[in-house]
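Below, read A as the first sequence line, B as the second, and so on, with proteins coming before strands; counting in each chain starts at 1.
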Amino acid sequence: MEYFLHLAILFSIFAILAISLQLIVGYTGLLSVAHAGFYGIGAYIVALLLKNAGMNFFPALLLGALGSMLVAFLIGIVLSRFRDDYYALGSLGFGVIAFSILLNWQELTRGPLGIPGIPRPELFGFEFSSNLSYLLLSFILLGAVYAFSRFLTLSSFGRALQAIREDEEALSVFGYRTSWFKLAVFVIGAGMAGIAGGLFASYITYIDPGSFNVTESIFILSLIILGGLGSLRGAVVGALVLILLPEALRFVGFTPDIAAQMRQVVYGVLLIVLMLYRPQGLMGKYKL
Amino acid sequence: MNAITTERLRKTFGGVAAVDDLSIVIQKGKIIGIIGPNGSGKTTLTNVLTGIHRMDGGVVVVGKKERTRIKSCEVFGLGLTRTFQNVRVFEQVSVLDNVLIAITKKGVLGSLFERASAAQIQNADAVLARVGLTEKRDALAAELSYGQRKLLEIARALATDAEIILFDEPYAGLFPEMVKRVSGIMQELKAEGKTVILIEHDMALIRELCDHVLVMDAGKLLAEGTPEAVLSNPSVIEAYLGV
Ligand SMILES: Nc1ncnc2c1ncn2[C@@H]1O[C@H](COP(=O)(O)OP(=O)(O)OP(=O)(O)O)[C@@H](O)[C@H]1O
Ligand SMILES: [Mg+2]
């Protein structure tokens, strides 16, 4: 049961990451591999505020989200001028820089040693120390992120994002300053990733830079490609499948010493098979 | 009254002048034809006027100001819109949404808090009915035939309610009954007092619709006048037939 709760919490965190990246990649067509960077910024801000400043989790989470958004704004001003492969490369550059700052700014982040002993959230004297209560908190945040994303995608803003994905230049002729839209969705997505990061840090109680490298960005990307681009539900399904998959593999009977490697192999094979037979993903509407 | 004037407008691609010091006047409230052989710079002119390409020289007067630079996102505000010769509809978006794009709010904040209203949707449906795409309203633009996409381009332009509309070969790939429908739309636009710029290779259509015709050749203005005058002009015939 505890293990099930653990998986459900991880699922919520990754579903938030997938939904937020879906807005950027699936809706707007901006191939960003910087997402783990914002996830990491949120995680570190929350971890440091909880541990070193003794702040309450909830204002810290808000600051974590705002911190991610601020960095995304600064990066996005430059990045939003690009499109297509240039955008992907630019975001890769940022992802690498973010990771190496987390790794090398040792006075602040303790580098590869990571930050242990991050406290759990507390609200009016109630501590979210049990996994059940933490799951509840995660689900509430996931629900809020989902609802807000749905609100966005159904708005005129969401329609413009999709038109940017299809033909940014043609859209601009109809009066849209497309780079502002790209900047806005990038900042919004980063804020959500920051929330996922804070949730992760306080749950695991120990973070190190390894959880926020470019490989992690690609993992998040694979969640939405698997689930289907351009679909919020797809993002959630993608997170569910890729979080539960290793557990399914456990029953297949790989021994623990090869299970981790086999998981990577099976992820890879699964993605390849999916792209061959269902390129639009499980729930998606279109191909990348 | 003039809708658009250009003075020594210039656009070069790697040394080749696609629009070569072109000075033209587009009168308001008329249907103005632009003809010329392939590669004579008609589309490039359209692209420069709508900010797709940056002009390399010259001045464009549209609205009240003289401009030496037009940004594509400003074009809508100038009351100018266009269709694309190489159809550029938003493929993986519904036909209705393709039209709504032209109608709903254009700013980041405004659009965030706006959902298409019943009135806006009604407006979009009316435009779709006008081009005969009502049945395709909920399909993805990608599912349309080539001719239907051309019609969707027209619908999207109409939905902006712009004062000046540039049609870059709107008839290409249309069935005869659709050709009639589009011609009807051109005449309605003129009756509404709008300015229509029609780039077209079919001289029968040019004769039927246009009040005034500009002939381009190698980025320059070769001739202009009424359709009759221009189409009987020996140098125009020569440019077209390459005699
Ligand atoms: N983006 C571009 N890059 C380089 N050259 C271009 C570009 N666009 C147009 N040209 C060149 O500019 C010249 C004018 O082309 P343009 O498309 O404006 O002609 P057009 O009159 O529209 O022809 P058509 O009747 O075939 O549509 C051609 O020589 C073309 O090759
Ligand atoms: Mg052309």
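The candidate with the highest count of non-hydrogen atom pairs below 4.5 Å against chain A, out of B:Val75, B:Val108, B:Thr160, B:Val89, is B:Val108. The choice from B:Glu114, B:Glu91, B:Arg82, B:Gln120 that makes the most heavy-atom pairs within less than 4.5 Å of chain A is B:Glu114. Put simply, of B:Thr50, B:Leu78, B:Ile101, the one with the most heavy-atom pairs under 4.5 Å next to chain A is B:Ile101. The choice from A:Ser172, A:Ala170, A:Ala160 that makes the most heavy-atom pairs within less than 4.5 Å of chain B is A:Ser172.
The local environment of CZ in A:Arg233 is sparse, with at most 12 non-hydrogen atoms from other residues, nucleotides or ligands closer than 6.0 Å. Heavy atoms of other residues, nucleotides or ligands lying less than 6.0 angstrom from CD of B:Glu135 number 12 at most. Within a 6.0 Å radius of OH in A:Tyr86, no more than 12 heavy atoms belonging to other residues, nucleotides or ligands are found.
Each of B:Ile52, B:Leu80, B:Asn47 was evaluated against A:Val173; a single residue qualifies, B:Ile52, per the side-chain contact (heavy atoms from CB on, under 4.5 Å) test.
Classification of the B:Phe90-A:Phe174 ring pair by plane angle, with boundaries at 30° and 60°, yields perpendicular.
Note that NZ of B:Lys105 is 7.5 Å distant from OG of A:Ser156, once rounded to the nearest 0.5 Å. The CZ atom of A:Phe151 sits 6.5 Å away from the CG atom of B:Leu112 when rounded to the nearest 0.5 Å. Summarising the geometry, atom CG belonging to A:Leu171 is positioned 11.0 Å from atom CZ belonging to B:Phe76; distances are rounded to the nearest 0.5 Å. With rounding to the nearest 0.5 angstrom, the OG atom of B:Ser111 is 8.0 Å from the CG atom of A:Leu161. Taken to the nearest 0.5 Å, the CG atom of B:Asn98 stands 10.5 Å off from the CD atom of A:Gln162.
In this structure, the portions of A:Leu154 lying under 4.5 Å from any heavy atom of chain B include both its backbone and its side chain. Residue contact with chain B, scored on non-hydrogen atoms closer than 4.5 Å, is absent for A:Leu183. Only the side chain of B:Thr81 has a heavy atom closer than 4.5 Å to any heavy atom of chain A.
Nearest heavy-atom pair across B:Arg115 and A:Ser155 is CG-CA, 4.3 Å. What you find for A:Gly175 and B:Lys106 is that their closest heavy atoms are O-CB, 3.5 Å.
We find that B:Arg88 and A:Glu169 are joined by a salt bridge, their nearest charged nitrogen and carboxylate oxygen being less than 4.0 Å apart.
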